[in-house]
J.: 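Got a structure for you, written out below as structure tokens; questions coming shortly.
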Protein chains: 2
Amino acid sequence: MPDADLDALDQAILSRLQVDSRTIAESIGAQVGLSAAAVQRRIKRLRETGVIAKEVAVVEPKAVGAHMTFVVSVEMERERIEVLEAFRKQVLTDGAVQQCYYVTGSADFVLVVVCRDMTEFEAFTRRMFFDNGEVRHFTTSVVMDRVKVGLTVPLNGG
Amino acid sequence: MPDADLDALDQAILSRLQVDSRTIAESIGAQVGLSAAAVQRRIKRLRETGVIAKEVAVVEPKAVGAHMTFVVSVEMERERIEVLEAFRKQVLTDGAVQQCYYVTGSADFVLVVVCRDMTEFEAFTRRMFFDNGEVRHFTTSVVMDRVKVGLTVPLNGG
DNA sequence: TGTGAAACCAGCAGCTA
DNA sequence: TAGCTGCTGGTTTCACA
């Protein structure tokens, strides 16, 4: 559902909801010059058309004992479609993988991985890379600071 | 606020809210064996203690014309604290930067950047890298597929 | 815009560790 | 005692006409 052409009002609504999805319609309406009901109608439409993909709670990793984050670049042995597909599936089912991007360049995949500690990360690398004959090489970067973390998308009128 | 020791009930609640923050308390309660009021109390506490950092709407990038995603590794000229701090600030204010991690290894920062098209990305690299004398080198990977994108944190009882 | 339904929130009492 | 539960009434927010 690409480009569900959104007017400035929709964009203003989205820019609020991207920051705080609990903002009540009345408050948004006051800001953008719309009645609460009108705002709710637009939000409903944004949900139905898939512009708003989902609404989620963001959990502070440290608060649940997930103290370490890693950025891992992965290079596959061969770029056969089956190999890539199998790796995709593995990634999707593994809870430690927060994000995975299939990219151009020297690496094939870039992963963001969240673990309790180094031991857990080692277990992760074993099940994901060493036990997988199709992984040629991987490079780990330890995250020292999560400078900016979000899924916010730039909106022209944002 | 590290390790606000959460029991299995809290974890079960979080695992639902991480996927869909609009899940109503009654539904969660039915699943975990708790009254709606009790669930609401716990959610409130999780918000107040910062375990739930925020609740956000996730916007489908393509739906708002953001068709391209990039993973960019950045190496700074010198690792002086001022230089790093200045870069941090720039990152935080730039809407195209969705995520930024300060990492160990050959790169200093890893960015996830979202743009409408290549032209916009070129403008981004100019203002962020070329106009910044402290950036020694950067490497761009174009994202072909966002295999897995989220901020979900693994919960032991998840 | 307004009305009905639904979800959330605060106060109270009882139970358990 | 402290903390948590379930219950209930009052309020806010939402959804639909």
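Naming: A, B, ... by sequence-line order, numbering from 1 per chain.
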J.: To 10°, what angle do the rotation axes through the five end pairs on each side of the helix from dT1(C)-dA17(D) to dA17(C)-dT1(D) form?
T.: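 The end axes of the helix from dT1(C)-dA17(D) to dA17(C)-dT1(D) are about 20° apart, to the nearest 10°.
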J.: What is the distance, rounded to the nearest whole Å, between atom CG of Leu34(B) and atom C1' of dC8(C)?
T.: 16 Å
J.: Using a cut-off of strictly less than 4.0 Å, decide whether Gln40(A) has a side-chain nitrogen or oxygen near OP1 or OP2 of dA15(D).
T.: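 For dA15(D), OP1/OP2 do not have a side-chain N/O of Gln40(A) under 4.0 Å.
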J.: Without decimals, in angstroms, what is the distance between Arg47(B) CZ and dC9(C) C1'?
T.: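 About 11 Å, once rounded to whole Å.
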J.: Any idea which heavy atoms bring Val113(A) and Cys115(A) closest together, and the distance?
T.: CG1-SG, 3.9 Å
J.: Run the salt-bridge test on Glu85(A) and Arg80(A) with the 4.0 Å N-O cut-off and return the result as yes or no.
T.: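 Looking at Arg80(A) together with Glu85(A), the answer is no, because their closest N to O distance does not fall below 4.0 Å.
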J.: Whole angstroms only, please: what is the CD-P distance between Glu26(A) and dC8(C)?
T.: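 The answer, rounded to whole Å, is 19 Å.
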J.: Can you name the residues that form a side chain to side chain contact (heavy atoms under 4.5 Å, CB included) with Val143(A), not counting sequence neighbours?
T.: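 Scan of Val143(A) (side chain to side chain contact (heavy atoms under 4.5 Å, CB included), adjacent residues dropped) gives Thr69(A), Val71(A), Arg146(A), Tyr101(B), Val103(B).
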J.: What class does the angle between the rings of Phe87(A) and Phe109(A) fall in, given that below 30° is parallel, 30 to 60° is tilted and above 60° is perpendicular?
T.: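 Ring orientation of Phe87(A) relative to Phe109(A): tilted.
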J.: What integer distance in Å separates Arg22(B):CZ from dC8(C):P?
T.: 10 Å
J.: CG of Leu17(A) versus P of dC14(D): gap in Å, rounded?
T.: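 These atoms are roughly 10 Å apart.
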J.: Please determine if Asp10(B) and Arg45(B) form a salt bridge, counting it only when a charged side-chain N lies under 4.0 Å from a carboxylate O.
T.: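 Result for this pair is yes, salt bridge flagged.
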J.: Does the ring center of Phe70(B) lie less than 6.0 Å from the ring center of Phe138(B)?
T.: no
J.: Is the phosphate of dA10(C), meaning OP1 or OP2, less than 4.0 Å from a side-chain N or O of Lys44(B)?
T.: yes
